[in-house]
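All remarks here apply to the structure that follows.
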Amino acid sequence: PLCSNNNPYASFGATLARDEEQNLWSTPHDVTHTEADDDRVLYNMIVVRNQLDKDSEEWQKLNYDIYTLRQTRKEVRSRWKHILEDLGFQKEADSLLSVTKLSIISDSQNMSKARDILLKLSEETNIFPTSWELSERYLFVVDRLIALDAADEFFKMASMVYPKRPSGDRADESQKAPQ
């Protein structure tokens, strides 16, 4: 088990040092770090891994899982950035994707629309991996896109660039020769 006392947040401290091991988003000293639920899960994995013997099989498995989760997050962020840049937000893409503990929803009336669009992105595109649990981080990003009147265009672009394919199509596609 990753957590003691069946509480997944039991080992999560009120504040975290911002070194490479405890940075939960992408790079060391990442200012966009937030202590969201998905960050807590990763943090707990890091805590448990650091308590294990580095030569143990459990340490290696946890280390691999941590690396994989971080790489997946980087890939998702890269996909979002790619679409934002294609929509003309080349200079603003990084700031649109930056979410901190101080980030707020611009308009509470946008919250349900932002959730709907995020869910639609998850269900109708491959912008998120199949096993991805929706991150609150992207709710803030969608809210910003709504405020910029660019959320619908973002969805359209995501649908074209990362179309949803049935799981069987992926294997067939990888065997096809590049055109």
Side-chain angles (χ1 to χ4, degrees), residues 1-85 93-105 114-115 118-119 121-123 125-144 158 161-162 164-175:
L2 295 179
C3 308
S4 59
N5 302 330
N6 294 328
N7 181 354
Y9 308 124
S11 65
F12 193 73
T15 59
L16 298 173
R18 303 290 182 181
D19 65 19
E20 184 174 357
E21 278 301 307
Q22 293 176 329
N23 172 12
L24 306 174
W25 184 239
S26 57
T27 57
H29 312 292
D30 182 357
V31 296
T32 67
H33 168 74
T34 185
E35 294 174 6
D37 288 345
D38 56 333
D39 289 336
R40 289 183 183 105
V41 170
L42 183 54
Y43 177 78
N44 282 333
M45 290 170 67
I46 292 168
V47 167
V48 171
R49 182 205 55 192
N50 290 344
Q51 294 171 353
L52 297 172
D53 179 21
K54 286 188 179 185
D55 294 328
S56 72
E57 189 175 321
E58 297 114 70
W59 186 92
Q60 291 176 1
K61 182 185 180 322
L62 271 174
N63 197 52
Y64 177 79
D65 292 345
I66 290 165
Y67 173 80
T68 302
L69 183 53
R70 285 180 169 161
Q71 289 306 111
T72 301
R73 288 173 162 200
K74 286 179 185 180
E75 180 181 328
V76 169
R77 187 182 191 284
S78 176
R79 290 176 181 182
W80 279 72
K81 185 174 181 178
H82 173 88
I83 293 172
L84 288 170
E85 289 173 345
D94 287 324
S95 62
L96 286 169
L97 291 170
S98 294
V99 177
T100 68
K101 289 187 260 182
L102 303 176
S103 297
I104 58 170
I105 297 293
R115 285 188 197 282
L118 190 60
L119 187 59
L121 281 165
S122 171
E123 293 172 348
T125 73
N126 278 331
I127 196 165
F128 296 112
T130 306
S131 62
W132 183 269
E133 290 187 30
L134 290 181
S135 173
E136 184 181 11
R137 175 179 312 278
Y138 290 101
L139 187 61
F140 287 93
V141 178
V142 173
D143 173 64
R144 293 169 183 166
V161 177
Y162 301 104
K164 191 67 146 189
R165 295 182 198 98
S167 57
D169 287 354
R170 287 189 185 154
D172 295 339
E173 183 178 302
S174 65
Q175 294 171 358

message: Quick check: do Glu58 and Leu52 have side-chain heavy atoms less than 4.5 Å from each other?
response: yes

field: Minimum heavy-atom distance Glu123-Lys164, with the two atoms named
entry: O-CE, 3.4 Å

Atom pair CG/CE of Leu69 and Met45 - distance to nearest 0.5 Å: 6.0 Å

task: Measure the shortest side-chain to side-chain distance between Val141 and Leu118 over non-hydrogen atoms and say whether it is less than 4.5 angstrom.
output: no

pair Thr68-Arg73: side-chain heavy atoms closer than 4.5 Å: no

statement: For Asp143 and Ala114 the tightest heavy-atom approach is N-CB, 4.1 Å

- prompt: Would Gln71 and Val76 count as a side-chain contact (heavy atoms from CB on, under 4.5 Å) if you check the C-alpha gap in whole Å, the side-chain angles of each, and the deciding distance to 0.1 Å?
  reply: CA-CA 9 Å; Gln71 289 306 111; Val76 169; over 6 Å; no

- prompt: Yes or no on side-chain contact (heavy atoms from CB on, under 4.5 Å) for Ile46 and Leu62, after CA distance, side-chain angles and deciding distance?
  reply: CA-CA 8 Å; Ile46 292 168; Leu62 271 174; over 6 Å; no

- request: Give a yes or no on whether the backbone of Lys74 and the side-chain of Ser78 come within a donor-acceptor separation of less than 3.5 Å.
  value: no

query: Looking at side-chain heavy atoms only, is the closest gap between Leu42 and Arg70 below 4.5 Å?
result: yes

- prompt: How far does NZ of Lys61 sit from OG of Ser56, to the nearest 0.5 angstrom?
  reply: 12.0 Å

- prompt: Got a salt bridge between Asp94 and Arg77, using NZ or NE/NH1/NH2 to carboxylate O under 4.0 Å?
  reply: yes

- request: Might you point out which heavy atoms bring Ala93 and Lys81 nearest each other, and give the distance in Å?
  value: CB-CG, 3.9 Å

field: Gap separating the OG atom of Ser98 from the CZ atom of Arg137, nearest 0.5 angstrom
entry: 9.0 Å

- prompt: Who pairs with Glu75 by salt bridge (Lys or Arg N to Asp or Glu O under 4.0 Å), at least two apart in sequence or on another chain?
  reply: Arg79

message: Can you pull out every ring pair (Phe, Tyr, Trp, His ring centres under 6.0 Å) where at least one residue sits in residues 57-84? Sequence neighbours excluded, please.
response: Trp80-Phe128, Trp80-Tyr138, Trp80-Phe154

